[in-house]
Participant: 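First the structure, which I've put down as structure tokens, then a few questions once you've had a look.
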Amino acid sequence: MSKTVLVVDDSPSIREAVGYTLQTEGYQVIKAESGKDALENIDGKQVDLVITDLHMPAMNGIELTKEIRKLNDFSRVPILLLTTESQVSKKLEAKLAGATGWIIKPFVAEKLISVVKRVLR
Amino acid sequence: MDIMEDFKQKFIEEADELISNLEASLLILEKKPHEKEHIEKVFRIMHTLKGNGGMFGFNKISEFTHNLESIYDFVRSGEMEINKELLDITLLSVDHLKMLLKNGDNLGSDLQKTHSNFTSKIENIINRKLMGGNDYSIEKQIGYGDNSAGLFSGNAANRKTFYIKFQPNEYIFNNGTNPLFLIDEINTLGTSAAVAHLENIPAAETFDCTKCYTWWEIFVATHEKISTLDDVFIFVEDDSKIKISEIAPSDLFLNHDFKKYIENLQKSGNQFNIEFLKKLPGIGDKIKPVAEETPEQPEMTAQLPVVGKVKAEAVISSIRVSSGKVDLLMNLVSEMVTLQARLNLYTESHHDPELLSIAESVQKLSRQLRDNAFSISLIPIGSILTRFQRLVRDLSGDLGKKINFIIKGEETELDKTIIENLSDPLMHILRNSLDHGIETPEVRLKNGKTEEGNIYLKAFYSGSNVHIEVKDDGAGFDPEKILQKARLKGLVSEQAILDKSQIFDLVFTPGFSTADAVSDISGRGVGMDVVNRKISEIRGEVVLDSEKGKGTTVTIILPLTLSIIDGMQVNIGRAAYIIPLYAVHKIYSVSHLVIQNAFDNIIALEGEQLPFFSLREQFGVDGDPPEREEIVVVKYENRKVGLVIDKVLGEYQTVLKPLGKHYKSQEFISGGTILGDGTVALVLDTNKIISKFSNNTQIMEESR
């Protein structure tokens, strides 16, 4: 059975591009444009991986991570953050929130797929 | 790769919007430099452009916004102040970003030069702040050696070589971490090579696939600090053994023997031995002793999240739809409205109660559908107002005037076709206000006004119209001067007596300009008549009102939408006409004899003298008029004209269709429409009719 990836990004272009890349690799993709949207969308669904943008208005990726970790069914789902920065404080914050890791933008499709494959292995 | 082109296109649209938002926020910051919300916004936009730009091949945008992002990060954290220099350069970079977005990464030599200049200007700002180079850390590298010609190539001398011993916890997979991912990240920091040690992997029967048995030795040459390397392992440092040490203050990957040695390790799985490395020619002297094992970090306990679900509220507040789809929807709805009218007509002639109730329901539904479809194609006027902020800012600087520009009613919505056509005329009006309206600070002070001039741009609803008002407290127009000039140019006869509003209307006459000197910005005498023409193209009106010394108000009155209007169907002979309902003031039934005997086309109705004319005569309709005719009084502002027609048939929703270019020259018709029974009716352009017949001053004078 193909795995399901939740892609959260307020920027449609990135969201679509990431979603498309994953779909071509045979993953099921759920897209969400904000943290709230994401939380609503995964309700009752089986999600194997969450990829979320770090910088989003309203709820950022770290806050979303915290919320997702609160959900019973999602306490162990890997969560990857998309970000351009490599600040220590942010990383630490993300880690404490329960994130699994991150992908630094810009990245190429191959990189995204390889990271996702490894996390989902 | 077509689909990727699609995403790129999407990004361009997105970036376009971001850049206009950026501009808007910057302009607000100019007035209120401490507005936290907008500082955040600027930062976030820079950040998004940087990150997403790179994703879609706009590397120039990505590089360019990188430093701006850092600058606004400092501003955000209070380490830097927003000042004029910074705002000026950021506003200029808004234009530059637009250019980069348009041209992509392939800039011609001229643009490239501008780009480099600009980039270095911004770098200067940040360097002043940092007093050192920037720490650009985006790097894509997969292998080593052959790939080192990335961003760091020029800086090889500053690189250090680090050794990392990474022994992950057996259970590392359980918390969703993949060690290879970390090695990948190290790879992005510079040139690296990893040696995997597999000797702990047990025989197949005891092998537990959920455990991690492998450990790694990683060599990396980077000019990042050791702490950056530490950070890579931040997610796993609690439960894995990590040792990072500098083995050489230079890039050992440049040394062939070193690379050979690493390759050997990778093949054999042997452990790294620094003593061996020291013996290698050309390397030994560079090697630093490997530091002692770093002490274990105290365990960091993540706060365990409380179990429970947070119910999310509905969030999707808007979606994006291509304007083509909206146009199609509008067309379909228009057809539907026409069809519905036909159904009504049919129902009226067939007395079937069942049919009647169906027709009524359909009418109700199609009305709702129409209104809804309309509201979809409406967009807030605020979307074009930002650029005016910018215009006023730049122009007032050029003119040496101080101007306080206040926008109200940005949320007022208008049909998108109207909005698209509104920008140029508004620009003209604003330029006029800036150039001729508002006086220089000295003159203002002398006249007892504040040094700073005010321009208000206000949009608001009024009935089925939207008014856009541009008001300034500048010098204003002198009606006498306008009249004089108009007479001089032969636009009005010497005898004509005009009231104030008629005089101001002259300003919209082609070839009229009151400016004493033609300036760069406006005053070429094409301004206001072009404004007038453009606005009437979108069925709007422009009205000018002014008081000498106090200021000028230019009001643009626009219909909410262009395609459907509420109309009144009237008959003249056998032909049907539609009069827009908004213009209808009153309807009188008058005997034909009264009309025939009226002197000079003036009729007294309810004690009021009213100019009228017979459409039957105007349109040259054959046959005799009925005994009792009807006069539809149409009103526009303070002017009224009676239109004599045969019979009023009733209210009718009209889908306005353009007549096509062959009929452009006709005066009184604004379009055609298809009636319920399939016949064509012409829609009267009441505004034109009124101005044509009430501009006849003789009638005006006598009608008072």
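Residue numbering restarts at 1 for every chain, and letters A, B, ... go by the order of the sequence lines.
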Participant: Taking A:Ile14 as the fixed residue, which of B:Phe11, B:Phe56, B:Phe7 is the one that meets the side chain to side chain contact (heavy atoms under 4.5 Å, CB included) rule?
Facilitator: B:Phe56

Participant: Taking atom NZ as the centre, does B:Lys325 end up with more than 12 heavy-atom neighbours from other residues, nucleotides or ligands that are less than 6.0 angstrom away?
Facilitator: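 Incorrect, the count does not exceed 12.
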
Participant: For the atom pair CG (B:Asn52) and CG (A:Asp53), what is the distance rounded to the nearest 0.5 Å?
Facilitator: 7.0 Å

Participant: Between CG of A:Asp10 and OG1 of B:Thr48, what distance do you get to the nearest 0.5 Å?
Facilitator: 6.0 Å

Participant: Is A:Leu80 close to chain B through its backbone or its side chain, or both, or neither, when contacts mean heavy atoms under 4.5 Å?
Facilitator: side chain

Participant: Please check: side-chain N/O of B:Glu14 versus main-chain N/O of A:Ser13, any donor-acceptor pairing under 3.5 Å?
Facilitator: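 Flag set: sc B:Glu14 to bb A:Ser13 pair under 3.5 Å.
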
Participant: If you compare all heavy atoms of B:Arg44 against all heavy atoms of A:Met56, which two are closest, and at what distance to 0.1 Å?
Facilitator: CD-C, 4.4 Å

Participant: Report the distance from atom NE2 of A:His55 to atom CE of B:Met46, rounding to the nearest 0.5 Å.
Facilitator: 14.0 Å

